[in-house]
Number of protein chains: 2
Amino acid sequence: MDRNRFADIHCSVSRAAGVAADPWTLLILRDLFLGLNRYEELRRDLGIATNVLADRLDRLVADGLAERHAYQDNPLRHAYRLTPAGRDLYPVLLTLLAWGDRHRSEGGPPLRLLHADCGHPAVPSLTCSHCGGALTPETTTAAPGPGGRAAPGTALVPGRLPTSLGPA
Amino acid sequence: MDRNRFADIHCSVSRAAGVAADPWTLLILRDLFLGLNRYEELRRDLGIATNVLADRLDRLVADGLAERHAYQDNPLRHAYRLTPAGRDLYPVLLTLLAWGDRHRSEGGPPLRLLHADCGHPAVPSLTCSHCGGALTPETTTAAPGPGGRAAPGTALVPGRLPTSLGPA
DNA sequence: TTCGGTCGCTTGCTACTTGCAAGTGATCCT
DNA sequence: AGGATCACTTGCAAGTAGCAAGCGACCGAA
């Protein structure tokens, strides 16, 4: 799967997917958010093959989602830290978590989120930043934007729009 | 990459990632949301290899995210339609889209969302369904839930919690 | 009735990716 | 000196991706 291919498709979903849509990558991001940030910690937690872990960490750094920094000299040891772009993937992780809680957790969610601001269990909900209402397929419409262009991977832009994002 | 492996990890992010964390799968879901729902339409739009498309569609059906239905007899032709579980992945697509718009779109977003309820361009924002406030790594805390268990892939549950989901 | 075209796939081949196991080199503690 | 930890790299077997070709059922035109 050549990942540049997804970067070249003229669609933000595709470009984001090309960077983040890999199970190991997402689990590494999850662990970085949770504070596991060293190669050995990640390997032990995830049981991931070492070459794959090295590859994914390299990719995270190359893609600008994480950065390496030395946490000690002698011996020199590095840890990984999320960049702002990496931290911006937090909503992706939370929506995946919410889906998993809803559809793949008999016996209740493995992890419960608490929202510090209100002190309650946090069930993530996707809202319109303008009016605060829920964003659902039924209440959302797509139209070509300024960066839109007719291109492979984007049947939507050429002409069939504006279209509801709901199912046909 | 054995996908059952991610289903077995005791974490909703992992289980959701095992199902959805594949670029082709996400692009197929995107197209299903947009109303492209036949094999040929998907193949033409995405430029995906036919065996891979067949495989991903089978997987979507097996995972309960989509279902096949005949849209005509003579000749018998099938189309794919999202199930409720598949439609529940909408927030995942929107958060990916928002990330791509923010970090991978020089020249503006390829696609603009409109929120029908308020008539404004919709910038998705993740909020707490209890208080309506933003959910960020800084304002969120994780604690083991009822389905939590010490297991590989989940260093968080065993004991180091409760922990902020912010970076270390 | 034959001819080409569409649709929804499957098969075969080659090239890349994964997972596992072993090895490496630097540094530490004993 | 001997073992342990950390952060990797290398080698190999097995699985997956991409491409091209083929297939069977039907359609419409000639």
Side-chain angles (χ1 to χ4, degrees), chain A residues 1-9 14 17-19 21-28 31-32 36-62 66-81 152-153 155 168, chain B residues 1-9 14 17-19 21-28 31-32 36-62 66-81 152-153 155 168:
Chain A
M1 206 171 18
D2 176 13
R3 305 214 141 224
N4 290 329
R5 177 170 191 160
F6 298 103
D8 291 341
I9 291 180
S14 172
V19 167
D22 166 77
W24 288 129
T25 300
L26 288 166
L27 289 176
I28 291 168
D31 279 2
L32 290 176
L36 303 182
N37 56 3
R38 303 208 312 257
Y39 186 96
E40 249 313 283
E41 290 180 313
L42 294 167
R43 194 205 54 76
R44 250 200 309 268
D45 180 43
L46 299 174
I48 184 177
T50 54
N51 52 349
V52 176
L53 177 56
D55 174 80
R56 291 301 187 279
L57 288 170
D58 284 351
R59 207 147 81 185
L60 286 173
V61 171
E67 55 195 8
R68 299 175 70 199
H69 67 282
Y71 66 91
Q72 69 169 42
D73 302 329
N74 255 321
L76 185 57
R77 292 272 184 266
H78 298 282
Y80 295 84
R81 171 203 293 158
Chain B
M1 207 171 16
D2 177 14
R3 305 214 141 225
N4 291 329
R5 177 170 191 161
F6 298 103
D8 290 342
I9 291 180
S14 173
V19 167
D22 165 75
W24 288 129
T25 300
L26 289 166
L27 288 176
I28 291 167
D31 279 1
L32 290 176
L36 303 184
N37 56 4
R38 303 208 312 257
Y39 186 95
E40 251 311 285
E41 289 181 313
L42 294 167
R43 195 203 55 75
R44 252 200 308 267
D45 181 43
L46 299 175
I48 184 177
T50 54
N51 52 348
V52 177
L53 177 56
D55 174 80
R56 291 302 188 279
L57 288 170
D58 284 350
R59 206 148 81 185
L60 286 172
V61 171
E67 55 195 8
R68 298 175 69 197
H69 68 282
Y71 66 90
Q72 68 169 42
D73 302 328
N74 258 322
L76 185 59
R77 292 272 183 267
H78 298 282
Y80 295 84
R81 172 203 289 159

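Here is how names work: the chains are called A, B, and so on, in the same order as the sequence lines, proteins then strands, and each is numbered from 1.
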Outermost nucleotides of DNA chain D that come under 4.0 Å of a non-hydrogen atom of chain A: D:dT5 to D:dC19
State, with a plain yes or no, whether a side-chain heavy atom of B:L36 is found less than 4.5 Å away from one of B:L46. no
Mind checking side-chain hydrogen bond (donor to acceptor under 3.5 Å, both in side chains) for A:R59 and listing every partner two or more places apart, or none if nothing turns up? none
Whole angstrom value for the distance that separates C1' of C:dG8 from CZ of B:R43: 10 Å
Would you please name every residue forming a salt bridge (charged side-chain N to carboxylate O under 4.0 Å, His left out) with A:E67, sequence neighbours left out? A:R81
Spacing between B:L42 atom CG and C:dT6 atom C1', to the nearest angstrom: 16 Å
Counting distance only, does the side-chain N/O of B:R77 pair as donor-acceptor with the main-chain N or O of B:Y71 below 3.5 Å? no
Protein-nucleotides 23-25 of chain C N/O pairs closer than 3.5 Å?
none

For the CG atom of B:D31 and the CZ atom of B:R38, what is their distance to the nearest 0.5 Å? 13.0 Å
Checking all strands, does B:R3 fall into the base, sugar-phosphate, or nothing category for heavy-atom contacts under 4.0 angstrom? nothing
When you measure from every atom of DNA chain C, which of residues 50-58 of chain B have a heavy atom less than 4.0 Å away? B:T50, B:N51, B:A54
Supply the atom-to-atom distance A:L27 CG to A:L53 CG, rounded to the nearest 0.5 angstrom. 11.5 Å
Name all residues meeting the ring-ring contact (aromatic ring centres under 6.0 Å, His included) criterion together with A:Y39; count only those two or more places apart in sequence or in a different chain, and write none if there are none. none
Can you tell me if the side-chain N/O atoms of B:R68 get under 4.0 Å from OP1 or OP2 in C:dC9? yes
Are any of the side-chain heavy atoms of A:R68 and A:L57 separated by less than 4.5 Å? no
Rounded to the Å, how far apart are B:R44 CZ and C:dG5 P? 15 Å
When you measure from the side chain of B:R56 to the backbone of B:T25, do you find a donor-acceptor pair of N or O atoms at a distance under 3.5 Å? no
Tell me: NE2 of A:H78 to P of C:dT27, nearest whole Å? 13 Å
Just jot down the side chain to side chain contact (heavy atoms under 4.5 Å, CB included) partners of A:A49, sequence neighbours excluded, or say none. A:N51, A:V52
Which residues pass the side chain to side chain contact (heavy atoms under 4.5 Å, CB included) test with B:A70, sequence neighbours left out? B:L76, B:H78
Sorted by position of nearest nucleotide on DNA chain D, 5' first, the leading residue of A:M1 and A:Y80 is A:Y80
Check this one for me: any side-chain N or O of B:Y39 less than 4.0 Å away from OP1 or OP2 of C:dT10? no
